[in-house]
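Please read the structure below before turning to the comments.
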2 protein chains.
Amino acid sequence: MATERQVKASRGVAGRRPGEPRKPVTMIEVAAAAGVAQSTVSRILNDSPGMIAVSEQTATRVKRIAAELGYRPDPIARALRGAPTMLLGAIVRDITDPFFTGAVEALTIACKARGYSVVLGNARATEDEALAITAVLEARQCDGIVLFGDFTAEHRLVDDLEDLHARIVGLWHGSENEHPFPTVGVNNRSGVRAALDHLAELGHRDIAYVGAESLGDMQDRHAAYVEWMSEHGLPIPDGAIQIVPNYFGGGNHALGPILDRAPRISAVLAATDTLAVGLLHAAHARGVQVPNELSIVGFDDISMAAVTVPSLTTVRMPVVEIVTRGVDLCIGENPWSGVWPPPREEFEPRLIVRGSSAAAVTTQPL
Amino acid sequence: MATERQVKASRGVAGRRPGEPRKPVTMIEVAAAAGVAQSTVSRILNDSPGMIAVSEQTATRVKRIAAELGYRPDPIARALRGAPTMLLGAIVRDITDPFFTGAVEALTIACKARGYSVVLGNARATEDEALAITAVLEARQCDGIVLFGDFTAEHRLVDDLEDLHARIVGLWHGSENEHPFPTVGVNNRSGVRAALDHLAELGHRDIAYVGAESLGDMQDRHAAYVEWMSEHGLPIPDGAIQIVPNYFGGGNHALGPILDRAPRISAVLAATDTLAVGLLHAAHARGVQVPNELSIVGFDDISMAAVTVPSLTTVRMPVVEIVTRGVDLCIGENPWSGVWPPPREEFEPRLIVRGSSAAAVTTQPL
DNA sequence: TTGTACGCGTTATCAT
DNA sequence: ATGATAACGCGTACAA
């Protein structure tokens with residue numbers, strides 16, 4: 001009568017073939033099995049706030065039967081009733097970027113602490129189709145949306161987002177841009193200055209800069225570099241500023257032009273660790289010793305920065321703080337109240353000195 | 001009368017203060033504004049498959065009004081009607097792991113191509129609370145769930161998952177384990193053998209192995225290493241096998257014991273690139289030249305493997321193929337039919353020779 | 001060609 | 001202490 005294969009820890013549903021998903025059990029079925037009304041089941045299973053007493057008798061019986069039947073509340077029906085979906089959308093400019101990878105990790109942790117799950121939208125997968133992202137995300141119902149990176153250029157996306165019934169927060173959205181939602185970021189200027197001060201203390205005067213093309217933070221760091229150099233009366237020779245795509249390969253290709261066109265350069269500030277890693281690789285390939293012949297300083301302190309060869313001196317991004325703050329602004333207890341203009345909050349980065357920076361040596365041996 | 005601030009591209013809803021999310025517009029409101037029945041709006045907006053003609057007149061009018069009002073279909077209500085949620089759950093053993101990071105990227109792309117979004121579950125965030133993951137994911141309604149890594153130890157989670165009304169697929173779930181769902185993975189044995197054959201061709205005979213503690217693939221690679229060494233009549237000296245956590249730091253700490261206890265070792269096979277990167281770092285810190293004095297081969301070909309110093313010889317995991325296949329098995333056109341036992345599919349890895357492996361030198365100088 | 005009515009699974013407000 | 005009933009927003013068979 002019973003099948004040979006025993007279903008382990010059977011819940012009383014007999015003979016279900018493993019594999020195909022089980023048909024969900026509804027409250028009505030539980031009610032029928034318990035011989036009570038469906039509304040009663042709802043009250044019992046939800047410990048209704050109405051405080052209306054329920055007989056211990058039926059309560060335990062209903063709970064038992066619900067467990068036996070493997071009842072699971074349907075979140076969709078609950079959501080239709082107005083319950084929050086407990087979903088937080090994350091739109092990431094480039095999920096390949098190791099920095100954003102770390103940020104997403106921090107996001108999942110911050111969300112989990114609040115009972116939320118993360119819905120991932122990768123902005124890079126489809127170029128102009130950034131609109132499609134919205135469509136994808138609109139099709140879901142997220143209680144909030146967190147933007148990772150600068151999306152000011154994606155007017156269509158930002159506009160669409162505003163029409164969504166969800167709270168929006170921008171992370172690392174750049175400092176210069178207008179934004180109809182609160183943003184949280186880092187003080188790029190102070191980070192860049194800390195890095196350059198460090199190099200100056202080591203005796204470097206000929207410092208190059210490798211940045212990325214994207215907006216927001218990249219512009220801030222670029223500007224801070226130019227400003228600092230100017231303040232210290234240091235000229236920026238031709239070729240000492242390279243703007244490349246923010247990939248490993250970008251940094252890899254940036255070193256050649258710098259050393260060829262500005263041979264006096266003794267240190268390079270990279271706008272991101274991703275670029276710095278590429279620079280490290282390029283230096284090795286070119287036979288340039290780091291840090292003896294060339295110092296390299298990154299920005300972000302991504303996880304691999306501690307284990308590069310040599311380990312990377314960099315500016316640590318307070319990722320956890322920024323993400324946590326952003327999540328709070330979005331779905332926390334005191335979300336943005338709607339006051340205009342929306343706030344921009346900035347956290348302070350911190351210089352981490354490792355093995356890729358050392359004292360400058362005079363290019364002219366005596 | 002009107003506020004000073006003009007709302008750009010206003011949709012006809014006047015005076016909405018920017019910031020707070022707009023109240024959603026329902027079909028009923030659209031119908032009321034257009035002077036038709038709600039069902040009519042539904043038909044028009046959905047190009048109903050019933051082929052029932054609709055007058056061009058009202059159709060365009062309704063569409064216009066819907067657009068003006070900024071109508072958005074409510075995905076929750078649709079889902080309640082039985083429509084798929086177009087959500088795919090991803091449960092990742094450790095989202096910090098650079099390998100899984102790449103896999104998730106591939107997942108988002110594969111999903112987007114099918115109109116799906118990814119809901120991220122990080123298994124590492126909460127230790128024993130793996131159960132909570134289920135709770136979190138159960139609270140959502142995913143059409144399918146993809147497991148990244150080996151979860152056979154998490155019986156509770158797998159059991160709970162089976163109760164979910166969703167299709168499940170396991171990726172990199174190990175070859176030895178029973179699994180009540182289809183799995184897709186890599187041929188670890190052939191990958192390891194390719195790596196070791198490569199080292200043998202370079203003249204290496206004293207080859208160490210650094211593996212990780214987790215299950216599944218790690219066990220397969222470990223066993224394949226032992227098997228290969230045995231087949232070639234090569235002894236495995238004490239200390240030549242190190243099992244460490246699968247982090248950069250794990251590989252970093254593994255090199256010391258190997259070189260101290262088995263000084264004849266001239267090459268190390270790492271079970272993952274993550275470990276290999278740590279080994280590279282440790283070798284540099286110890287002053288051991290790679291590849292001149294020590295060859296290191298990894299496994300996975302994570303993105304950074306091409307830019308380490310030196311670049312890493314490794315076994316390339318066909319990530320995209322595996323993920324794509326898994327997604328198809330889960331939510332594709334021909335998902336797993338339920339035949340028992342569920343299939344396990346394997347893809348072939350490929351050796352990528354880079355700069356971290358070179359010919360062995362005799363330890364005894366003449 | 002369009003309107004009416006029902007149900008999806010819940011929760012909440014009434015009655016009983 | 002519990003049962004009946006009305007929403008929630010949408011799709012769809014059925015009636016007009």
Side-chain angles (χ1 to χ4, degrees), chain A residues 22-63 65-66 69-86 138-141 143 164-166, chain B residues 22-63 65-66 69-86 138-141 143 164-166:
Chain A
R22 155 190 314 199
K23 181 175 162 295
V25 178
T26 75
M27 248 186 197
I28 297 184
E29 292 168 323
V30 174
V36 297
Q38 176 261 340
S39 59
T40 304
V41 178
S42 175
R43 268 185 300 235
I44 292 174
L45 264 37
N46 292 334
D47 286 342
S48 63
M51 306 313 306
I52 314 177
V54 283
S55 89
E56 204 63 25
Q57 284 248 6
T58 46
T60 51
R61 182 165 50 95
V62 165
K63 283 179 182 172
I65 294 184
L69 261 45
Y71 167 78
R72 307 264 189 156
D74 183 343
I76 294 179
R78 283 184 163 168
L80 190 62
R81 291 285 312 170
T85 58
M86 306 303 279
E138 119 197 282
R140 331 281 161 260
Q141 206 75 341
D143 296 338
L164 239 49
H165 186 64
Chain B
R22 154 191 313 198
K23 181 174 165 293
V25 178
T26 76
M27 248 187 198
I28 298 184
E29 293 168 322
V30 175
V36 297
Q38 171 260 333
S39 61
T40 304
V41 177
S42 174
R43 271 182 299 236
I44 292 174
L45 264 37
N46 293 334
D47 286 343
S48 63
M51 307 309 307
I52 315 177
V54 283
S55 86
E56 203 64 25
Q57 284 249 5
T58 46
T60 51
R61 183 164 49 96
V62 166
K63 284 179 183 173
I65 294 184
L69 263 43
Y71 167 77
R72 307 264 190 158
D74 182 343
I76 294 178
R78 282 184 164 167
L80 191 62
R81 290 282 310 171
T85 60
M86 306 303 279
E138 122 198 278
R140 332 277 162 262
Q141 206 75 343
D143 296 339
L164 237 49
H165 187 63

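Per chain, numbering begins at 1; letters A, B, ... match sequence-line order.
- Whole-Å rounding puts the I44(B) CD1 to dT12(D) C1' distance at 15 Å.
- Distances from the side chain of A77(B) to the nucleotides dT10(C), dG9(D), dT2(C) place dG9(D) closest.
- Rounded to whole angstrom, the span from the CG atom of L45(A) across to the P atom of dT10(C) amounts to 9 Å.
- Between M86(B) and D143(B), the shortest heavy-atom distance links the atoms N-OD2, 2.8 Å.
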Write out a two-atom table: protein N or O, nucleotide N or O from nucleotides 5-7 of chain D, distance below 3.5 Å.
| unit_1 | atom_1 | unit_2 | atom_2 | d |
| --- | --- | --- | --- | --- |
| dA7(D) | N3 | R81(A) | NH1 | 2.4 |

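- Between T85(B) atom OG1 and L80(B) atom CG the span is 12.5 Å, to the nearest 0.5 Å.
- Residue T40(A) has no polar side-chain atom (N or O) positioned under 4.0 Å from OP1 or OP2 of dA1(D).
- Contact check, N46(B) against dC10(D): no side-chain N or O comes under 4.0 Å of OP1 or OP2.
- Rounded to the nearest 0.5 angstrom, K63(B) NZ and T58(B) OG1 are separated by 10.0 Å.
- When the side-chain nitrogen and oxygen atoms of S55(A) are compared with OP1 and OP2 of dT2(D), one or more of them lie within a distance under 4.0 Å.
- For T26(B), no side-chain nitrogen or oxygen approaches OP1 or OP2 of dG9(D) to under 4.0 Å.
- Here dC8(C) presents its P atom at 11 Å from CD of E29(A), a figure rounded to the nearest Å.
- Taking the side chain of M27(B) as heavy atoms from C-beta on, and the options dG9(C), dC14(C), dC10(D), the nearest nucleotide is dC10(D).
- Interatomic distance, I44(A) CD1 to E56(A) CD, rounded to the nearest 0.5 Å: 9.5 Å.
- Atom CG of L80(A) and atom P of dC8(C) are 13 Å apart (whole Å).
- For the side-chain hydrogen bond (donor to acceptor under 3.5 Å, both in side chains) test, no residue two or more places apart in sequence or in another chain qualifies with D74(A).
- Using a 4.0 Å cut-off, no side-chain N or O of S42(A) falls inside it from OP1 or OP2 of dT10(C).
- The distance from atom CZ of R78(B) to atom P of dT12(D) is 10 Å, rounded to the nearest whole Å.
- As rounded to whole Å, 14 Å separates atom P of dT11(C) from atom CD1 of I76(A).
- For R43(A), the side-chain atoms get nearest to dT13(C) when compared with the rest of dT10(C), dG11(D), dT13(C).
- Taking every heavy atom of both residues into account, A66(B) and L45(B) meet most closely at CB-CD2, 4.3 Å.
- Atom CD in Q57(B) sits roughly 9 Å away from atom P in dT2(C) (whole-Å rounding).
- Atom CZ in R72(B) sits 14.5 Å away from atom CE in M27(B) (nearest 0.5 Å).
- Y71(B) has its OH atom 10 Å from the C1' atom of dG11(D), to the nearest Å.
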